[in-house]
Amino acid sequence: MTSNHGISIKGLRKSFGGTPILDGIDLEIAPGERVVIIGPSGTGKSTLLRCLNFLDRPDEGLISIGDLRVDAARARKGEILGLRRRTGFVFQNYALFANKTAAENIMEALVTVQRLPRAEAADRARAILAETGLADKADSYPAALSGGQQQRVGIGRAMALDAELMLFDEPTSALDPEWVGEVLDLMRRVAERKQTMLIVTHEMQFAREIADRILFMHGGKIVEQGTPAQIFDTPQDPRLQRFLARVGG
Amino acid sequence: MQGLDLGYMIGLAPVILGYVPLTLGMAAAGMVAALVLAALLAVERVVRVPVLDWLVVLFISFFRGTPLLVQLFLFYYGLPQVVSVLTRIDGVSAAILGLTLHFAAYMAESIRAAILGVDRSQWEAAQSIGMTQSQLMLRIILPQAARVAAPTLVNYFIDMLKGTSLAFTLGVTEMMGAAQKEAAGSFLYFEAFLVVALIYWGMVEALSQGQKWLETHLNKAYAR
């Protein structure tokens, strides 16, 4: 559940093969805040999310989530697991476990990580599936689900962690246009639960509507941030102005 | 050129069939042990533990690079001279040990390929929900890899079943040994070994049918 500590990121850096991808990210996120990251591709948006989950290991920086403080350069295994258990991650390509049904995908973290009894985990999974509108798909394997349904299960799997922060890495980019709406609808419902969310997306209309704050990233840095109105209506940085002109935000 | 002595063959068949349990037992024991070892080797090859990885590569290379017969002789006749614990190793145990190590080396490569065939994003998804490395291996990756590798592994089981006949050279009286003894009295070598061949053929055919069933069954999985 959301704590009062919020999330704090200081001096986060990551480079791949000598090329800096994250060039010193400082970011505070208040509990319940919904932050959307926009920017051209290759500017480190996804890497930022992946570093917060240690799917990519940051080179340096401090990450605090709730009562957990991790010094990235010296992160131990236990700290990394702790960080992952406090952050739910939604993948662009859903990344569902192919050998598990929709319900089992959601139960997996509850059973193996949180060590809930199976029956209790199944109840939780059923409740989450109902919220995602997939109650009737509980026993379907991912291969039998549409892209939109798979991504809703992917969001459900991340919801099951009851994480202090949910990370969405371009959750609709791999979807056929017909499925985008249902996934965005589910994200709106997640937002209504006062879930702290950090979202990378190219859906500018959605960003404007859901975000408390928008970050514009360029060259591994947060170049400009503000309310949706500030970012979309009165952009200051010329790079943001050019970006918005291109994507038609 | 005389005709086949069918009557002799029919009389001999039950005698040889009496050794089928031993053959199947050696193959089954070898298969179970080889599967466990191969899974461990394959996981190591994917995860790559420093130093250990080098040893595993060496192990796989040696057991794939030398004939099974030579390996069996090394274990049964050679090693006891060097390692005193092995002085009392009997032929059956030596055969099972040899078959295990030999086929584990081959099976490790199939399992490794199957592991790498599981979409990388599922590894990340498992990590992202806080699973440990062993949880993600045992619960997500290996079950899927097993399905991919299963038909190939049945092939190795068939090879191993036939490979048990080499236990004969370690003085084990299995189907070949029994046929050899019988033929030594009757001089009907062709008939005796033909009986052995037919029994092996029958067992392998049965396994191949099982393999076909397995393949269709596995293809249907995860599709509900």
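Chain letters run A, B, ... following the sequence lines, proteins first, then strands; residues in each count from 1.
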Quiz item: Do A:Thr87 and A:Glu164 touch side chain to side chain, with heavy atoms closer than 4.5 Å?
Solution: no
Quiz item: So does A:Arg69 have more than 12 non-hydrogen atoms from other groups sitting under 6.0 Å from CZ?
Solution: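 For A:Arg69, atom CZ is not crowded (no more than 12 foreign heavy atoms under 6.0 Å).
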Practice problem: Answer yes or no: is there an ion pair linking A:Glu131 with A:Arg189, defined by an N-O contact shorter than 4.0 Å? | Solution: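 Looking at A:Arg189 together with A:Glu131, the answer is no, because their closest N to O distance does not fall below 4.0 Å.
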Quiz item: Are side-chain N/O atoms of A:Thr101 and A:Asp139 paired as donor and acceptor at under 3.5 Å?
Solution: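 Absent: no donor and acceptor within the cut-off.
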Quiz item: Strictly by modelled atom types, are B:Thr23 and B:Glu174 linked by a side-chain donor-acceptor pair under 3.5 Å?
Solution: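 Result is no, nothing qualifies.
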Self-check item: Side chain, backbone, both or neither of B:Glu124 within contact of chain A (heavy atoms, under 4.5 Å)
Solution: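 Contact with chain A: backbone and side chain both.
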Quiz prompt | B:Arg120, part contacting chain A, at a heavy-atom distance under 4.5 Å | solution =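 Neither the backbone nor the side chain of B:Arg120 comes within 4.5 Å of chain A.
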[X] versus chain B, heavy atoms under 4.5 Å apart: side chain, backbone, both or neither?
{"X": "A:Leu96", "value": "backbone"}
{"X": "A:Phe97", "value": "both"}
{"X": "A:Asn99", "value": "both"}

Self-check item: Partner chain B: residue of A:Ala98, A:Ala109, A:Gly154 with the largest heavy-atom pair count (under 4.5 Å)
Solution: A:Ala98
Self-check item: Top contributor to chain B interface from A:Arg86, A:Lys77, A:Arg50 [non-hydrogen pairs under 4.5 Å]
Solution: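 That would be A:Arg50.
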Quiz prompt | Audit row: A:Arg157, A:Glu108, salt bridge (Lys or Arg N to Asp or Glu O under 4.0 Å) steps and yes/no | solution = CA-CA 8 Å; A:Arg157 178 174 63 186; A:Glu108 190 59 28; over 6 Å; no
